Protein chains: 2
Amino acid sequence: MNKPERLRAADFAYISIREGLSAGRWPPGSHLRETELAAELKISRTPIREALRKLASEQLVQFEPHLGARVPGWSHQDMEEIFALRVELESFAAGQAALNAKPAQVDELRSLATAIEKAAFGGDAPDNVKISELNNRFHRLIVLASGNRRLNSLVATIIDIPLVVRTFARFDKTAMARSVGHHFDLVEAIAGGNADWAVAVMRAHIHAGRQVMLGTDAGELLGRRH
Amino acid sequence: MNKPERLRAADFAYISIREGLSAGRWPPGSHLRETELAAELKISRTPIREALRKLASEQLVQFEPHLGARVPGWSHQDMEEIFALRVELESFAAGQAALNAKPAQVDELRSLATAIEKAAFGGDAPDNVKISELNNRFHRLIVLASGNRRLNSLVATIIDIPLVVRTFARFDKTAMARSVGHHFDLVEAIAGGNADWAVAVMRAHIHAGRQVMLGTDAGELLGRRH
DNA sequence: TGGTTCTATGATGTATACAACGCCACGTTC
DNA sequence: GAACGTGGCGTTGTATACATCATAGAACCA
């Protein structure tokens with residue numbers, strides 16, 4: 001792996017380790033040893049440490065004093081918590097995006113939605129890796145278009161984790177079709193400046209994703225009154 | 001059976017620098033030099049760096065490559081963004097707390113609310129520092145009682161920042177009285193398991209705080225200069 | 001034999017030396 | 001005089017040596 005010239009070693013390490021985590025390279029519970037990573041990336045332990053601490057602040061690895069970094073496993077409860085937060089934060093972001101998004105951002109959202117549709121239904125088999133990547137960009141762009149800069153760093157943790165767990169392998173054809181439909185609904189709501197619509201679609205969209213991931217069992221969470 | 005729990009130098013540095021930030025020791029725009037901090041705390045630059053990177057991940061300082069850490073100033077827009085996020089996240093937390101809080105936590109919330117009332121109206125002059133600290137614990141405990149562990153790390157950034165800016169100096173007697181009232185409303189809603197009520201009170205509570213801090217017009221800034 | 005202590009080992013935590021880079025002042029050139 | 005290049009200086013970025021801690025397993029004792 002070649003390291004680009006202008007990148008700091010610590011950033012290079014961060015990107016590399018994060019990619020490894022996304023690719024599921026280390027099973028949950030693995031011990032990420034600084035020395036090993038340093039040898040592999042051909043840099044010293046110092047930037048490795050910095051990268052691991054940053055990943056820990058995003059909860060992508062877990063730290064214990066003198067024990068170092070471990071790859072966490074995602075329990076059912078973890079995923080429930082993450083989806084609950086995504087429902088709140090991303091729906092808020094969608095509503096704000098409807099009020100604040102610039103035309104260029106709306107255009108980009110539309111083309112991303114189209115690209116996701118193509119990756120899902122254009123060829124013979126859906127390209128799940130590409131769908132994940134495009135979907136990620138779509139959701140991140142909505143957060144960006146919200147205009148709330150701090151929201152960006154908050155969702156950095158929670159948007160990417162379902163990617164790690166390879167969400168889209170679980171989508172069947174009809175679930176994927178509806179998900180694609182939500183994306184176009186979102187584009188239309190945001191383009192039209194209809195915040196309430198955007199909020200509602202995003203809430204529904206993420207609940208649907210949670211359903212595919214986790215099913216109905218143990219599903220009385222989320223503070224819905226009855 | 002309690003372990004001695006020796007503090008790591010990096011954690012010591014983190015706590016120290018964070019307290020300095022809370023105390024307004026460095027004006028916005030200040031350059032936090034690693035060497036200076038290391039000399040002052042009598043440790044080496046390595047744990048200082050770790051502490052600064054952690055503070056940067058919480059947006060309490062800003063980093064630029066090869067330029068180091070700077071103390072950010074809080075613009076009006078920053079505060080608007082933070083309050084908008086608090087409205088969403090803390091109201092969600094309150095609703096979840098109504099469903100999940102343990103009796104001991106409810107008791108502690110009640111005693112904190114009482115203590116805040118006493119600090120505000122018990123003596124001759126309100127003790128703003130104590131109020132801030134108790135208020136902080138109250139809000140953090142609600143987040144904790146929500147049962148969503150990830151929510152904790154998310155709000156770590158945004159709950160503490162208004163503390164830095166010394167919110168409560170701006171509360172007059174009637175605003176403080178209403179704020180104290182909100183706290184008891186919250187305790188009652190959570191104790192009764194009424195999530196909808198808890199959500200509504202918390203939303204209102206934070207909107208009220210925003211009003212005191214920022215007012216209705218986008219006029220005034222709250223930095224420390226001039 | 002079972003349990004405890006001790007020691008070896010390898011990890012993380014910290015200190016420090018060195019390299020790379022940005023800023024600024026000075027000087028040169030046009 | 002202004003624009004631009006250049007070198008010194010101080011800072012951050014990285015490498016590496018050393019200190020400290022946790023754990024496994026041998027050694028030892030009851």
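Worth saying up front: this structure is predicted, and the values here are computed from it rather than measured. The chains referred to below are lettered A, B, ... by the order of the sequence lines, with proteins before strands, and numbering in each begins at 1.
- Evaluation of the side-chain contact (heavy atoms from CB on, under 4.5 Å) rule for A:P72 yields A:Q62, A:W74 as partners, not counting sequence neighbours.
- Judged as a side-chain contact (heavy atoms from CB on, under 4.5 Å), and not counting sequence neighbours, the contacts of A:S30 are A:W26, A:P27, A:V71.
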Check: residues 108-119 of chain A side-chain donor-acceptor pairs under 3.5 Å, at least two apart:
unit_1: A:S111; atom_1: OG; unit_2: A:E108; atom_2: O; d: 2.9
unit_1: A:T114; atom_1: OG1; unit_2: A:R110; atom_2: O; d: 2.9

**Q.** Letter per nucleotide, 5' to 3', of nucleotides 6-14 of chain D [B base touched, S only sugar-phosphate touched, - untouched; heavy atoms, 4.0 Å]
**A.** -----SBBB
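- For A:H31, the side-chain contact (heavy atoms from CB on, under 4.5 Å) partners are A:R33, A:R70, not counting sequence neighbours.
- Screening residues 137-158 of chain A for salt bridge (charged side-chain N to carboxylate O under 4.0 Å, His left out), with sequence neighbours left out, gives A:E133-A:R137, A:R140-A:D160, A:R149-B:D78, A:R149-B:E81, A:R150-B:D78, A:R150-B:E81.
- Looking at heavy atoms from C-beta onward, A:L55 lies out of side-chain contact with A:L32 at the 4.5 angstrom threshold.
- The C1' atoms of five pairs define one axis at each end of the helix from C:dT1-D:dA30 to C:dC30-D:dG1, and these two axes lie 0° apart (to 10°).
- B:S146 is linked by a side-chain contact (heavy atoms from CB on, under 4.5 Å) to B:A93, B:Q96, B:N148, B:L151, counting only residues two or more places apart in sequence or in another chain.
- Between the CZ atom of B:F12 and the P atom of C:dG13 there is a distance of 18 Å, rounded to whole Å.
- The salt bridge (charged side-chain N to carboxylate O under 4.0 Å, His left out) analysis of residues 55-67 of chain A, with sequence neighbours excluded, yields the pairs A:R18-A:E58.
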